[in-house]
Q: 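Could you have a look at this structure, given as structure tokens, before my questions?
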Amino acid sequence: MKAYLSGWESLCASSSALRFIDTNLRGIGQVMFQDNPLSGALFLAAIVWGSIAAGMPQVAICGVLAVVAATLTAQLLHVDETALRAGLYGFNGVLVGLALATFIEPGPLLWWYVVLGAAVSVVAMSATANALKPLGIPTLTFPFVLVTWLLLLATYGFAGLGADALPADDVISPYESFDPAQLGVGDFLQATLLSISQVFLKASVVAALLFLAGLAINSVAAAVAAVGGAFLAVVTAHLLGAESDLITGGLLGFSPVLTAVALGSVFHPPGWRVAAYAALGTIFTVVAQAAFNVALTPIAIPALTGPFVLVTWMFLLPRQSFNRAAPGSR
Amino acid sequence: MKAYLSGWESLCASSSALRFIDTNLRGIGQVMFQDNPLSGALFLAAIVWGSIAAGMPQVAICGVLAVVAATLTAQLLHVDETALRAGLYGFNGVLVGLALATFIEPGPLLWWYVVLGAAVSVVAMSATANALKPLGIPTLTFPFVLVTWLLLLATYGFAGLGADALPADDVISPYESFDPAQLGVGDFLQATLLSISQVFLKASVVAALLFLAGLAINSVAAAVAAVGGAFLAVVTAHLLGAESDLITGGLLGFSPVLTAVALGSVFHPPGWRVAAYAALGTIFTVVAQAAFNVALTPIAIPALTGPFVLVTWMFLLPRQSFNRAAPGSR
Amino acid sequence: MKAYLSGWESLCASSSALRFIDTNLRGIGQVMFQDNPLSGALFLAAIVWGSIAAGMPQVAICGVLAVVAATLTAQLLHVDETALRAGLYGFNGVLVGLALATFIEPGPLLWWYVVLGAAVSVVAMSATANALKPLGIPTLTFPFVLVTWLLLLATYGFAGLGADALPADDVISPYESFDPAQLGVGDFLQATLLSISQVFLKASVVAALLFLAGLAINSVAAAVAAVGGAFLAVVTAHLLGAESDLITGGLLGFSPVLTAVALGSVFHPPGWRVAAYAALGTIFTVVAQAAFNVALTPIAIPALTGPFVLVTWMFLLPRQSFNRAAPGSR
């Protein structure tokens, strides 16, 4: 594996076209914190599969268009070269493209809207990184969430962009009560896998397995955290009595999956204390996801990964040190 | 008084059990900025009285459960020992416990929800403190407000947690117009006292007097600021034509009371200029409270002490110096 | 021109009354970033004309009352003298006065409400400036937006302040769909001019020309940016299919105008790269304006210049350097 990657790196060093492809693949990989072109390629395969399986090939096309537009914008703005090559200016763009194409019906304006969103996501990324520098915390997917919320909200004011996947007829809809069903083993398994694929707005078991492969190829700890976080989120949501369709569709689990990967494998060294801390964050992300769903009901936009961003910032800001031996506690 | 407290301090130094009790009492005291176990004990008595008087003893139990859970979490996370012992990791927990038990109906899940909220309030406290360090302003009750808003919003998505004190049937309810009534002297007195007890979500005159005693025992200035702030808030709300039931129930005054205590007695030295500045902040907190009530109507959660946090931050950030003699003003 | 201004400056130096007038005129000028008493005087003339033309002379009176109240408050709080004299503690006050008088019906409480809002806008200005100092970005009109949102929201809770220009009967109103019309050349011209006058909440072509004169007298680049930004915003909104009445009334263009002036003439040196960057920001401000309009529908308050603040912060935070020659880009 390492040999293949260093061979690929040599090729990229000698070809700006390959370097460009490498940068974009890493951008896709960074959606789940993986600075690895092969992870990005597997994630891309999952996106393509999931989009075609859902009968929406334009979603995958918009995702690719967006990451390319984001990378080009970043080059025009002369952002930091190291961060650019690591894909840090691409992952918000991919997500903007996937989200816009998922919620807005296809049409000529959609493509321009995706390019606009991807370009602005680069500015938002740079702005967020500078704003958070004094606090020492990462941007996570905040730029994606902010830019996409604005773009989706605006569709209600623009007749040129019909957002048929949003409840456009009646922006103000009351939150409806429901009866949760009892889930079986198969439901739990599906819910866990779809929680992973929904990180990329996909509801597909095959895509979920490709995403897991992309994670495992670069970081086994990340793959374990993703599966563990997804399962914990599904169990938590079920115990609290969440709506069964939301659980089995993976719609309450994708933010917690990202929290689990971030807190459990990316920003802390592995260990039992870290696992416990990440588990607390993961459980609270389920609460935050349900809260965002309710809070955004009156304005009819999806929570996206907002709950992940909020809770993970909250759990990173204390800068818990998990390296030192525990000082003499009571 | 001082002799008693130093005797108690000696006892705590020799017993970790007493130290634990001391830490928790100070946590309760810090809800109103009082780092004094006796203030905490009087506040606790007020909480117990107010809860039993309202026929909701579980509220007091959840408050105690929450502060203990918060203190234990803070110990597990090895937070700063000085801040912990001063009760700074407990006051958000108490409030989370009181609020959840006030708005959610009793049941087995409620206890777990309180423990979860109390534990996360410690993380949120540590995160907020770090985030605000560059700005030089205190966390106030922001961690409580943030965590409780998320936990209450989420109940609409969780069938296991019926929030019968929230308008769950119809999350989206329009703000209704009303006719303010003329208030008499007795109304003003009740409104002033309940504005103080509502800081702890209690509507009880006896509890209000116990809270005032707890304040006065540690800081006469704080008690004076609380009464003055409450009265000013009630008069302001009445002059502006606020709904009478909200005024007499203390529901427009509890945030202003905290603003008055913070700006008038805790973070500035006493004096006429400070009193005028605190009065402006107190009056504007009444406006902010009314504004939050309207803004949160569509998502059906209470404002809690959010208005206090916002306005007090706004008035502390300018770092007005009230020590120097006024330079030759025009 | 320069001779007149330096003569005026000598007069101000010898008279505290003239200095006071100078400070207030600069405060009005700073609404559009112009530290020039003559710009302020022309803006004031535009405000008076626009208010009388709309049959609402109280709006102009409240604007003047507010800027005077803000300046006096700033003197009482001993703010930085240089910033005060440059009008930086006045522009939020003017806008608070204009907005409150535009949306709230006249009555004795309105005057007190304006004075309260103007005084608090000074505290909010100082707080925002301190909070943003570590980030190196300007406050823009954030203090105005924050304070006015709270004051307008609160009117729904205060019977003494009827906000007849707000949909008070039914705070929760669904966003309604619409059919955009085809616009002619005259419509585009009107839309462009009203987008400029709406910065001061005025719908008047004459006022727009006076505002442009006030800009041009101090900065031709600012006037060009204002016209260019307004036109770009109108075209963008029309292409995206925005409601025609909003476009021709200048209601989707006033925030983009401010973004264009700020990014294109105030905070960056002129040039093609700056123009392109400012154009991207201006276009995205149209999206943000539409988004804010939708998001604020459930709580029935106007977006004010919130979209301008958000997008301009987003585009200033990356601290794009437009001075250096572009390093060898691909």
Side-chain angles (χ1 to χ4, degrees), chain A residues 16-17 19-20 72-81 107-109 112-113 116-117 119-135 143 146-162 167-174 296-301, chain C residues 132 134-137 170-181 236-244 246 252 273 276-277 280-281 283-299 307 310-322 324 326-330:
Chain A
S16 63
R19 170 66 71 203
F20 188 77
L72 289 174
T73 305
Q75 290 176 337
L76 283 172
L77 293 176
H78 308 308
V79 301
D80 177 64
E81 189 74 18
L109 271 177
W112 289 108
Y113 216 53
L116 173 65
V120 173
S121 81
V122 173
V123 177
M125 175 66 188
S126 185
T128 309
N130 279 354
L132 297 179
K133 210 173 284 172
L135 301 179
L146 175 64
V147 171
T148 307
W149 275 351
L150 292 173
L151 288 163
L152 288 180
L153 276 171
T155 60
Y156 294 111
F158 295 143
L161 288 156
D169 285 338
D170 182 14
V171 175
I172 312 289
S173 57
L296 296 175
T297 297
I299 53 175
I301 53 169
Chain C
L132 297 179
L135 301 179
I137 53 173
D170 181 13
V171 175
I172 313 287
S173 58
Y175 199 82
E176 278 162 33
S177 62
F178 56 87
D179 290 313
T236 302
H238 188 55
L239 288 178
L240 287 169
E243 197 169 356
S244 303
L246 289 178
L252 291 174
R273 279 176 60 80
Y277 194 68
L280 182 63
I283 289 171
F284 196 66
T285 307
V286 176
V287 170
Q289 183 80 43
F292 273 55
N293 287 351
V294 174
L296 296 175
T297 298
I299 53 175
L310 176 66
V311 176
T312 302
W313 278 349
M314 196 193 288
F315 276 71
L316 287 177
L317 267 172
R319 288 178 221 126
Q320 278 288 317
S321 168
F322 292 106
R324 56 173 176 173
S329 61
R330 301 179 334 114

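Order of the sequence lines sets the chain letters (A, B, ...), proteins ahead of strands, with each chain counted from 1.
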Q: Nearest 0.5 Å please: distance from the CG atom of A:N130 over to the CG atom of C:L316.
A: 11.5 Å
Q: Under a 4.5 Å heavy-atom cut-off, does chain A meet the side chain of C:V286, its backbone, both or neither?
A: both
Q: Report all side-chain donor-acceptor pairs from residues 119-129 of chain A shorter than 3.5 Å, counting only partners two or more places apart or in another chain.
A:
{"unit_1": "A:S121", "atom_1": "OG", "unit_2": "A:A118", "atom_2": "O", "d": "2.7"}
{"unit_1": "A:T128", "atom_1": "OG1", "unit_2": "A:A124", "atom_2": "O", "d": "2.6"}

Q: Tell me, for C:L239 versus chain A, whether the close heavy atoms (under 4.5 Å) come from the side chain, the backbone, both or neither.
A: backbone
Q: With a 4.5 angstrom heavy-atom cut-off, which part of A:L109 approaches chain C: side chain, backbone, both or neither?
A: side chain
Q: Do the side chains of C:L280 and A:L116 get nearer than 4.5 Å, heavy atoms only?
A: yes
Q: Examine whether an atom of C:L240 lies under 4.5 Å from a heavy atom of chain A, and if so say whether it belongs to the side chain, the backbone or both; otherwise answer neither.
A: both
Q: Might you point out which heavy atoms bring A:A131 and C:L317 nearest each other, and give the distance in Å?
A: CB-CD1, 3.9 Å
Q: Does a side-chain heavy-atom distance below 4.5 Å link C:F292 with A:L153?
A: no
Q: Between A:L146 and chain C, which part of the residue has a heavy atom less than 4.5 Å away: side chain, backbone, both or neither?
A: side chain
Q: Taking the side chain as everything from C-beta on, heavy atoms only, tell me whether C:L135 gets closer than 4.5 Å to A:P134.
A: yes
Q: Output the distance between atom CH2 (A:W112) and atom OG1 (C:T236), rounded to the nearest 0.5 Å.
A: 12.5 Å
Q: To the nearest 0.5 Å, what is the distance between CZ on C:F284 and CG on A:L150?
A: 5.0 Å
Q: Mind checking what makes ring-ring contact (aromatic ring centres under 6.0 Å, His included) contact with A:W149, not counting sequence neighbours?
A: none
